[in-house]
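Presented below is the structure to which this report refers.
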Amino acid sequence: MTLVSQLARSRAVAALTSPHGVDHYLSRVNPMWAAHEVRGRVVAVHRETDTPGAPVATLTVQPTATWRGHLAGQYVQVGLDLPGSARRMTRCFSISSAASGAGEEFTLTVRAHAEGQVSKYLVDAEPGQLLHLSQAQGDFTLPVSPATPGIDPLLFITGGSGITPAMSMVRTLLRDGYEGRAGRPVTFLHHARSAEDQIFAEELADIAAADNDVAVHLRHGDAVFNELELRRLVPGFRDTDTWACGPAGMIELVRAAYADSPRLRLELFKPPTTSSGAAEGDLTFAATDRQVANTGASILEQAEEAGLSPVFGCRMGICFSCTTRKSEGTVRNVLSGAESSLPDEDIQICVSAPVGDCVVDL
């Protein structure tokens, strides 16, 4: 750490720059100067697909020196100050490049969604675009040394944009001296809606053709990786260390095929449907005195249906951007099924659904 960095992080400077903080003033001089916050500048944009309504682009990002690097498979929160928006919008994106070190460039591969303001903006971003970032987060990672011989085979099962964290892992393995013949062959299974919608198509073809013992199997359209297909391609799949990421339907097929195998690691793209039977009671948004009949959907979805605009980020229970105080009632976590009736507790409204009458401070 340089002397300037030490000074910028000192208590004396923090006191002098209160209440805004030193980063507020540093950003006025140069947006890429930071003592604590993490920001990034887009330095290159590569269009991966031009699928109508859902194009995909890879953004190369140069972060500030405060970036601590990432492990293959992790994600990052990306904040954007969109033109015409009164507040910063934050979303989570998996990092698609190989593991990075402190201050090193990384890539984000983003699909534009019809309802996604941030994703659509990023896919059409120009070099120079400033991003507000978190440090890398997430446990969906490869916890073993890529060059260690004698490790069991590895299996990746992905669908759509769920390919990004797995691609980060494979790129890291290949970059860091992976050698399948040392005892750990890799099988990469990926499903896309069509050949035109296939992300990283050329790179996957090159990997499959190279002499590196990585088997790549692509499926498009109605061809899916069900249990029968998994048995054919990877006979011992339930005893193989597996990373699966993709749409909810694909993940449910994979989960059913693996039964209770502890070798399966999952990264859900979206939370499952938030209904668990009859919806009863009323949901009250205390800050607005607005009350709606509980539909069984998540509190975030019901708030938006009621015309409210609560803060949120990933919509998957990962980033905690939507954390809100529940003052009364019971909620169910739609991911785990766990219910809680504690008064005055903080909940993530994107993955919490009311069970009967419920009051939240929105």
Side-chain angles (χ1 to χ4, degrees), residues 14 18-21 23-24 36-38 75-93 113 115-119 121 131-135 137-139 248 268-362:
S18 178
H20 299 295
D23 283 325
H24 172 79
H36 305 284
E37 296 177 5
V38 185
Y75 66 90
V76 64
Q77 295 181 50
V78 178
L80 273 178
D81 298 320
L82 296 178
S85 176
R87 62 184 176 87
R88 180 171 299 164
M89 303 188 73
T90 304
R91 301 291 184 272
C92 294
F93 297 99
H113 295 282
E115 72 283 2
Q117 296 182 62
V118 173
S119 64
Y121 192 88
L131 308 177
H132 299 271
L133 306 171
S134 70
Q135 296 289 355
Q137 299 170 316
D139 299 321
L268 294 175
F269 230 27
K270 292 183 180 179
T273 304
T274 58
S275 177
S276 68
E280 300 177 345
D282 294 318
L283 174 60
T284 301
F285 305 108
T288 65
D289 293 326
R290 191 171 302 183
Q291 188 177 80
V292 298
N294 176 25
T295 65
S298 72
I299 294 173
L300 173 60
E301 292 170 318
Q302 295 195 57
E304 292 174 331
E305 284 293 321
L308 303 180
S309 301
V311 175
F312 64 88
C314 64
R315 303 183 78 98
M316 297 187 293
I318 296 174
C319 72
F320 292 89
S321 298
C322 67
T323 299
T324 302
R325 179 61 57 91
K326 172 182 70 69
S327 53
E328 299 177 29
T330 300
V331 292
R332 183 187 72 260
N333 185 298
V334 301
L335 299 179
S336 67
E339 294 187 1
S340 176
S341 303
L342 294 174
D344 296 321
E345 66 173 331
D346 291 332
I347 61 172
Q348 295 170 266
I349 60 173
C350 72
V351 291
S352 296
V355 179
D357 292 333
C358 189
V359 180
V360 294
D361 294 344
L362 284 177

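Since the model is a prediction, treat every value here as computed from it, not as a measurement. In this chain, residues are counted from 1 in sequence order.
- Residues satisfying the side-chain contact (heavy atoms from CB on, under 4.5 Å) test with Val38, not counting sequence neighbours, are Thr64, Thr66, Trp67, Leu133, Gln135.
- Of all heavy-atom pairs spanning Ala297 and Glu301, the tightest one is CB-OE1, 3.4 Å.
- Of the inter-residue distances, the one linking His132 atom NE2 with Glu37 atom CD reads 8.0 Å to the nearest 0.5 angstrom.
- Using a distance-only test at 3.5 Å, with no hydrogens or angles considered, a donor-acceptor pair links the side chain of Thr324 to the main chain of Cys322.
- For Asp344, the side-chain contact (heavy atoms from CB on, under 4.5 Å) criterion is met by Arg325, Ser327, not counting sequence neighbours.
- With contacts defined as side-chain heavy-atom distances shorter than 4.5 Å, the pair Leu362/Thr288 does not qualify.
- Under the side-chain contact (heavy atoms from CB on, under 4.5 Å) criterion, Glu345 pairs with Lys326, Val331, Ser340, Leu342, Ile347, not counting sequence neighbours.
- A distance-only check finds a donor-acceptor pair linking the side chain of Asp357 to the backbone of Asp282 [under 3.5 Å].
- One N or O on the side chain of Asn294 and one on the backbone of Glu280 form a donor-acceptor pair closer than 3.5 Å.
- Of all heavy-atom pairs between Ala306 and Phe285, the closest is CB-CE1, 4.1 Å.
- The distance from atom CG of Leu80 to atom CZ of Arg91, rounded to the nearest 0.5 Å, is 9.5 Å.
- Heavy-atom minimum distance, Pro310 versus Ala303: CG-CB, 4.0 Å.
- Not a single donor-acceptor pair under 3.5 Å links the side chain of Thr323 to the backbone N or O of Asp346.
- For Tyr121 against Pro83, the heavy-atom pair with the smallest separation is CE1-CD, 3.7 Å.
- Partners of Glu304 according to the salt bridge (Lys or Arg N to Asp or Glu O under 4.0 Å) rule, which considers only residues two or more places apart in sequence or in another chain, are Arg315.
- Taking Thr284 as the reference, Gln291 meet the side chain to side chain donor-acceptor pair (under 3.5 Å) condition, with sequence neighbours excluded.
- With sequence neighbours excluded, the residues that form a side-chain contact (heavy atoms from CB on, under 4.5 Å) with Ala286 are Val359, Asp361.
- Atom CD1 of residue Ile299 and atom CZ of residue Arg332 lie 10.5 Å apart, to the nearest 0.5 angstrom.
- Of all heavy-atom pairs between Gln302 and Val292, the closest is OE1-CG2, 4.1 Å.
- Partners of Thr330 under the side chain to side chain donor-acceptor pair (under 3.5 Å) rule, at least two apart in sequence or in another chain, are Ser341.
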